[in-house]
Amino acid sequence: NAGVTQTPKFQVLKTGQSMTLQCAQDMNHEYMSWYRQDPGMGLRLIHYSVGAGITDQGEVPNGYNVSRSTTEDFPLRLLSAAPSQTSVYFCASYRTKDYNEQFFGPGTRLTVL
Amino acid sequence: GQQVMQIPQYQHVQEGEDFTTYCNSSTTLSNIQWYKQRPGGHPVFLIQLVKSGEVKKQKRLTFQFGEAKKNSSLHITATQTTDVGTYFCAGLFNGEYGNKLVFGAGTILRVKS
């Protein structure tokens, strides 16, 4: 039981490049979220999903796309990377709509030059 | 918008001293969760408080939820070096279109031995 896994751990992009951050969970959780963490700003919700085929925007969705074709996977796509997207990205999964315990992945540290 | 304010931003204590971090919301929360993030790590769930005035303890950690369900605190008695990290609160707001979890900015705890 690996929990929540994320790849890659580190990534450096040039402005304008696109890429996909991968997230997978093996706990059969219906709900999954993507957060970004910046110094002094806590965790901000980018997008979330309440089940396969259902996604919605969070607090800071601009510049990011998501899809949820299976319960296990929830990839985050950066369409055209910008330096403002330099951050640490965390994926999380949880069992119920009232969140209860969120399980976080190890994170992806992204730098956009 | 819905915000959760957390203070202090930093706390540097001598080992054995107590530590407290506080969270406040301008609107009533459905519940509040607390997470700990070790340096270089990912957030790990500590506890969830749901009821007005609720108090829960985990060894040296005491969590409180205010009577109005708008504020919460985490108190650590006799800090140890293993307590080092960032402590986040996260408030759950009930909305018309679903629940929204909003994180505070976190309190960074450093412990001098």
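Throughout, a chain's letter reflects where its sequence line sits, starting with A, and its residues are numbered from 1.
Both Leu45(A) and Tyr31(A) belong to a single network of hydrophobic side chains, linked directly or stepwise wherever heavy atoms of I, L, V, M, F, W or Y lie under 4.5 Å apart. Put simply, Leu49(B) and Leu61(B) are part of the same group of oily side chains (I, L, V, M, F, W, Y) that touch within less than 4.5 Å, one to the next. Hydrophobic clustering (side-chain heavy atoms under 4.5 Å, transitive across Ile, Leu, Val, Met, Phe, Trp, Tyr) keeps Leu29(B) apart from Tyr22(B). Neither Phe103(A) nor Tyr89(A) shares a network with the other; the hydrophobic side chains, linked directly or stepwise wherever heavy atoms of I, L, V, M, F, W or Y lie under 4.5 Å apart, form separate groups for each. Tracing side-chain contacts under 4.5 Å through hydrophobic residues (I, L, V, M, F, W, Y), one reaches Ile46(A) starting from Leu78(A); they form part of the same cluster.
Between Phe88(B) and Gly42(A), the shortest heavy-atom distance links the atoms CE2-CA, 3.6 Å.
The environment of CE in Met5(B) is sparse: at most 12 heavy-atom neighbours from other residues, nucleotides or ligands sit within 6.0 Å. More than 12 heavy-atom neighbours from other residues, nucleotides or ligands sit within 6.0 angstrom of CZ on Arg60(B).
Among residues 103-113 of chain B, the residues having any heavy atom closer than 4.5 Å to a heavy atom of chain A are, in sequence order, Phe103(B), Gly104(B), Ala105(B).
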Q: Start with the C-alpha distance between Phe104(A) and Phe45(B), add both sets of side-chain angles, then the distance that settles ring-ring contact (aromatic ring centres under 6.0 Å, His included), and finish with yes or no.
A: CA-CA 9 Å; Phe104(A) 282 84; Phe45(B) 177 84; 9.9 Å; no

Q: Show the numbers, then the answer: is there a side-chain contact (heavy atoms from CB on, under 4.5 Å) between Leu101(B) and Gln102(A)?
A: CA-CA 10 Å; Leu101(B) 190 68; Gln102(A) 286 205 60; 2.7 Å; yes

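Using a 3.5 Å distance cut-off with no hydrogens or angles, the side chains of Gln37(B) and Gln37(A) do pair a donor with an acceptor.
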